[in-house]
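Structure record follows, encoded as structure tokens.
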Amino acid sequence: LIQLEKPSGVITLESGTKLLCQSPLALFAQDTQVVHFTQGVKVISDNGYTADMFDVVVDYNNQMVRSDNALAVRGEKINLDSLGFVARQNGDMIDFYGPVRVELKDSRRLVITAKKVMHVRRNAQTVDAFGKVMIDDGKNKVYGNTMTASFVSIGQNQFDLRSVTVKGNVHIQTPDENIFGNEAFYDLQKEQAEIQGNVRVEKTQGVLTGDHAFIDMKKGTSRLESDRANDTKRVKGTLLPDKIKNKEK
């Protein structure tokens, strides 16, 4: 067991990005090829990102980095906070343990939170989140039990989220209405969402139920439809006229 005081090193990623890693103290076990950074670790990238973590274990034999303590990443395009993480296969597979909060800072600013865990797969370009997931674009909010999102690379270590599928206890909250259902697909580029399965739309005028709801978040409009394959189903609901509402007030 070798004690390393003030260890530092530079890691060059496949993308060409260089990472400067520093820590006050580490222990290196030669037999297992494991380095345990027992104190704080700071990582600074040459493209402006910083990461602060504590009590980090680097396992060279299994190509794994992990920590059961808080992680904070800060940068121009993204902020990320979690209570721990595991990175495998040279960073292709990263699991962040919750609660997890990711803030994407582009033209619209998007915040994603998950209570339990968030899986990031760089090569597959997917993000899976579990446990009371919430997506907030600053105007609309989408809630659910699980989330699967797809993203594309738009530059060196920069990514753009394209679409999100949310399942279980789905709730879409817009400035004008609340929509509930079993599953929703959210196209972030078009700012449109489709929700299906026991759909319920709550508006100030009343409540409507159906099989499918289509929401244009940019225009602030929504459309409710019944199952076209089943003629016995219809859109149902109760609308409250303005005159009655005014009397009730």
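Values below: every heavy atom of this structure, side chains too, minus hydrogens, waters and symmetry copies. Worth saying up front: this structure is predicted, and the values here are computed from it rather than measured. In this chain, numbering begins with 1 at the start of the sequence shown.
- Cluster membership for Leu188 and Phe185, using ILVMFWY side-chain heavy atoms within less than 4.5 angstrom, is not shared.
- Residues Ser67 and Phe85 meet the side-chain proximity criterion, which asks for heavy atoms closer than 4.5 Å.
- More than 12 heavy atoms of other residues, nucleotides or ligands lie within 6.0 Å of CG in Asp187, so this atom counts as buried by the packing criterion.
- Between Asn145 atom CG and Lys132 atom NZ the span is 9.5 Å, to the nearest 0.5 Å.
- One finds no salt bridge joining Lys105 and Glu76 here, because no Lys/Arg side-chain nitrogen approaches an Asp/Glu carboxylate oxygen to under 4.0 Å.
- Note: Leu27 CG to Leu1 CG = 5.0 Å, rounded to the nearest 0.5 Å.
- For the residue pair Asn47 and Ser45, a side-chain donor N or O sits within less than 3.5 Å of a side-chain acceptor on the partner.
- Hydrophobic clustering, with ILVMFWY side chains joined whenever heavy atoms are under 4.5 angstrom apart, keeps Val65 apart from Val117.
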Quiz prompt | side-chain contact (heavy atoms from CB on, under 4.5 Å) assessment of Leu25 paired with Leu4 | solution = CA-CA 6 Å; Leu25 185 68; Leu4 307 174; over 6 Å; no

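- Thr126 OG1 to Arg121 CZ: the interatomic distance, rounded to the nearest 0.5 Å, is 7.0 Å.
- At least one side-chain heavy atom of Leu71 sits less than 4.5 Å from a side-chain heavy atom of Leu80.
- Contact of the Ile135 side chain with the Leu110 side chain is registered, since non-hydrogen atoms from C-beta on lie closer than 4.5 Å.
- Between Glu103 and Ile78, the closest side-chain pair of non-hydrogen atoms is not below 4.5 Å.
- We find that Asp95 and Arg66 are not joined by a salt bridge, their nearest charged nitrogen and carboxylate oxygen being 4.0 Å or further apart.
- The distance from atom NZ of Lys218 to atom CD of Gln192, rounded to the nearest 0.5 Å, is 8.0 Å.
- The minimum heavy-atom distance between Val164 and Ala149, with the atom names listed, is CG2-CB, 3.9 Å.
- Contact check for Leu104 versus Leu161: side-chain heavy atoms found under the 4.5 Å cut-off.
- Looking only at distances, a side-chain donor or acceptor of Asp92 sits under 3.5 Å from a matching main-chain atom of Asn123.
- Side-chain contact annotation: Thr148 with Asp128, donor-acceptor N/O pair under 3.5 Å present.
- Residues Tyr49 and Asn79 bring no donor and acceptor atom of their side chains to less than 3.5 Å of each other.
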Run the side-chain contact (heavy atoms from CB on, under 4.5 Å) test on Val102 and Met118 for me, step by step, so that the C-alpha distance in whole Å, both residues' side-chain angles and the decisive distance to 0.1 Å come before the verdict. CA-CA 10 Å; Val102 179; Met118 188 176 294; 3.7 Å; yes

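- Smallest separation of non-hydrogen atoms from His212 and Glu194: ND1-OE2, 4.1 Å.
- The shortest non-hydrogen separation linking Gly98 to Leu83 is O-CD1, 3.5 Å.
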Pair up each side-chain donor or acceptor in residues 30-43 with any protein partner under 3.5 Å, not counting sequence neighbours, and list the distances.
residue	atom	partner	partner atom	Å
Gln33	NE2	Gln30	O	3.0
His36	NE2	Asp55	OD1	2.4
Lys42	NZ	Asp52	OD1	2.8
Lys42	NZ	Asp52	OD2	3.2

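- Hydrophobic clustering (ILVMFWY, side-chain heavy atoms < 4.5 Å, transitive): Ile2 and Val58 are in one cluster.
- When each of Val199, Ile195, Ile179 is paired with Leu224, the side chain to side chain contact (heavy atoms under 4.5 Å, CB included) condition holds for Val199 and for no other.
- Taking the six-membered ring for Trp, His119 and Phe130 have ring centres closer than 6.0 Å.
- Side-chain contact annotation: Ser222 with Glu177, donor-acceptor N/O pair under 3.5 Å present.
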**Prompt:** What do the steps show when you test Asp81 against Arg74 for salt bridge (charged side-chain N to carboxylate O under 4.0 Å, His left out), and what is the final call?
**Reply:** CA-CA 9 Å; Asp81 295 275; Arg74 297 293 180 266; 3.0 Å; yes

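- No continuous path of ILVMFWY side-chain contacts below 4.5 Å connects Val201 to Phe180, so the two sit in separate hydrophobic clusters.
- Note that CZ of Arg109 is 15.5 Å distant from NZ of Lys139, once rounded to the nearest 0.5 Å.
- Without hydrogens or angle criteria, Asp136 side chain to Gly138 main chain gives a donor-acceptor distance under 3.5 Å.
- Of all heavy-atom pairs spanning Tyr97 and Ser82, the tightest one is O-CB, 3.5 Å.
- Of the inter-residue distances, the one linking Met147 atom CE with Lys167 atom NZ reads 13.0 Å to the nearest 0.5 angstrom.
- Using a 4.5 Å heavy-atom threshold, the side chains of Met53 and Asn69 count as separate.
- By the neighbour-count criterion of 12 heavy atoms within 6.0 Å, atom CD of Glu5 is sparsely surrounded, having that number or fewer from other residues, nucleotides or ligands.
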Worked check of side-chain contact (heavy atoms from CB on, under 4.5 Å) between Ile11 and Lys18:
CA-CA 6 Å; Ile11 301 172; Lys18 287 182 170 37; over 6 Å; no

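- Side chains of Asp137 and Tyr186 form a contact here, defined as non-hydrogen atoms less than 4.5 Å apart.
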#### Entry: Candidate pair Gln173 and Tyr143, rule side-chain contact (heavy atoms from CB on, under 4.5 Å), full reasoning
CA-CA 8 Å; Gln173 185 179 42; Tyr143 302 88; 3.8 Å; yes

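- You'll find the side chain of Leu19 stays beyond 4.5 Å of the side chain of Val10, heavy atoms only.
- Heavy atoms of other residues, nucleotides or ligands lying less than 6.0 angstrom from CG of Asn178 number more than 12.
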